[in-house]
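Structure first, then comments.
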Amino acid sequence: MARNITPRKENYSQWYLDVIKAAELADYAPVRGCMVIRPTGYAVWENLQAKFDAAFKATGHVNAYFPLLIPYSFLNKEAEHVEGFSPECATVTHAGGEELEEPFAVRPTSETIIGHMYSKWIQSWRDLPVLINQWCNVMRWEKRPRLFLRTSEFLWQEGHTAHETEQEAREETLRMLGVYKKIMEEEAALPVIAGEKTKGERFPGAVDTYTCEAMMSDARALQAGTSHFLGQNFARAFEIQYQNREGELAYCWTTSWGVSTRLIGALIMTHSDDDGLILPPRIAPVKAVILPISKDENTAENIILPKAKELAQKLDDELGGLCVKVDTDFHARPGDRFFAHLQKGVPLRLELGEKDLASGTVRLVRRDTGEKLDVNNDNVIPTVKKLLADIQNNLYERAKTFREANTHDAKTYDELKEIIDKQGGFVRAYFGGTPEDEVRIREETGATPRCVLPGNDKGKCIITGQDNARLTIFAKAY
RNA sequence: CGGGACGUAGCGCAGUCUGGCUUAGCGCAUCUGCAUGGGGUGCAGGGGGUCGGAGGUUCGAAUCCUCUCGUCCCGACCA
């Protein structure tokens, strides 16, 4: 249907890029791996940001800002951390026309510099917990960039907390994982599985890493957000010590957690179709668009437009403002205007023409299903509210149904191989192997352990044959 | 980082092998006018590129050579 978008079945990667281009979400920057987030894409990010930020504040966190440049030596203080990040770290070696004595790292993440500051700020158990979040950009020099999913520079949020006890820090890690899951599911309509990462997939420097794992519409997995229990690793590396209630010096227990603009990639690949972008109403910058239609421009402008504006105002009042757009591009033909909004993923289209005025109705068209409804003027506002809620719900349910239909169980390693090879999707299997086993599985199947399911479901490991292995999801991932 | 493909107007392409035959062409989009108008309308007229960038070969380069930047696909690598 859309002539500027490659059908999903034909070439998934191309489809993804075409949707981004058609919806004007982002464009390539002149620097390899970097992108420009265009106003529409940025508006989506702002909406996501607003939801997460409110949830962070509600759980007692405050925002702050730490610098972009980090003394490179800081990264070296945590062995696993530097090993994990140095390959993708950009460094600044010159400034002011001179070579620097010590290079700066452009932050790939901020555990180190925040750890450094925390060691200065934290003296006593009375200073704890410290619950700080920052919204910023980070840079990771990726070999193979893809818009939103893996760009050299991206926007994200990183929460960094320090606690008095291990239990408190562990609770924080899981609390934020829960916050992520809730917002992803309720606001972004992305069904996710919240679970633990295996050893091989852990964040460099973490004791435990948790993830919200989503399935894209090609049945591949996408890590949508992570939360890390850092134990005392960074506290020891940066001497984040405090005097405890007994008057002794003790190391803090820290956590970190983040979600990024990658979520926009997840939204695209979860909800959109061959006509272009589909956005869940709760995070769509424009929730509904009203199109005044008439073959006579004068009628459109002087009779229909005022009514459209009036309706938009009423809807805005009901929906919380600035969410309804009136399309005043009378010169363009209706078909062109439909497609423009279709591709940009506006959840609901309201058509208001002479026929509607005569019959006292408005035509409503859903983006997710294409369903059309003629609704009496009196019922427009409640119907719009209902439809937006329905669309939100439908997108979530649709994605969840797809995920469930593409999730299979494997009793043996051979079965796992077979399913990954023939059907793809998520494969549940008991796994208790080592990181070396994970590497071997990846090499032999292309799949990686995405997440260990919560709960006490245990069984015989498909690799080692040992009992008590935890139920783990394997999949090919982005 | 290895293998492959590619970079010519906003988008998609032809021309590149066999340098001059083009003031660099085509489709879509765009602009103007008229008609049209509820899922991509029709006719007419117009605007826009110096061929990713730098250097070289040549009387002459979008076309040949060297370097460089970027994109896509596969692989390696990677929260």
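Chain naming here is simple, since letters A, B, ... match the order of the sequence lines and numbering starts at 1 in each.
Ring orientation note: the planes of A:Phe203 and A:His228 are close to parallel, at an angle under 30° on the 30°/60° scale.
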**Prompt:** Could you walk me through whether A:Asp18 and A:Arg8 pass the salt bridge (Lys or Arg N to Asp or Glu O under 4.0 Å) check?
**Reply:** CA-CA 10 Å; A:Asp18 289 346; A:Arg8 202 157 44 164; over 6 Å; no
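In this pair, A:Phe339 lays its aromatic ring flat on the base of B:G40, centres within 5.5 Å and planes under 30 degrees apart.
Ring-centre distance between A:Trp257 and A:Phe56: below the 6.0 Å cut-off.
Near RNA chain B, defined here as any heavy-atom distance below 4.0 Å, the residues from residues 347-373 of chain A are A:Arg349, A:Glu351, A:Gly353, A:Glu354, A:Lys355, A:Asp356, A:Arg363, A:Lys372, listed numerically.
The same atom, P, is picked in B:C72 and in B:G12; the two are 13 Å apart, to the nearest Å. As rounded to the nearest Å, B:G25 and B:G75 have C1' atoms that lie 39 Å from one another.
Seen from the ring of A:Phe338, A:Arg349 counts as a face-on cation partner, given the 6.0 Å and 45° thresholds.
Look at CD1 on A:Ile20: it is 10 Å from P on B:C72, rounded to the nearest Å.
In this structure, B:G49 forms no base pair with any nucleotide, since neither Watson-Crick nor G-U wobble geometry is met with both distances under 3.5 Å.
For the pair A:Lys307 and A:Glu310, the salt-bridge criterion is not met [side-chain N within less than 4.0 Å of a carboxylate O].
Within the structure, a side-chain polar atom (N or O) of A:Lys21 is placed less than 4.0 Å from OP1 or OP2 of B:G12.
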**Fill in**
Whether each nucleotide of nucleotides 73-79 of chain B has a protein heavy atom under 4.0 Å at its base (B), only at its sugar-phosphate (S) or at neither (-) is summarised, 5' to 3', as SBBBBBB
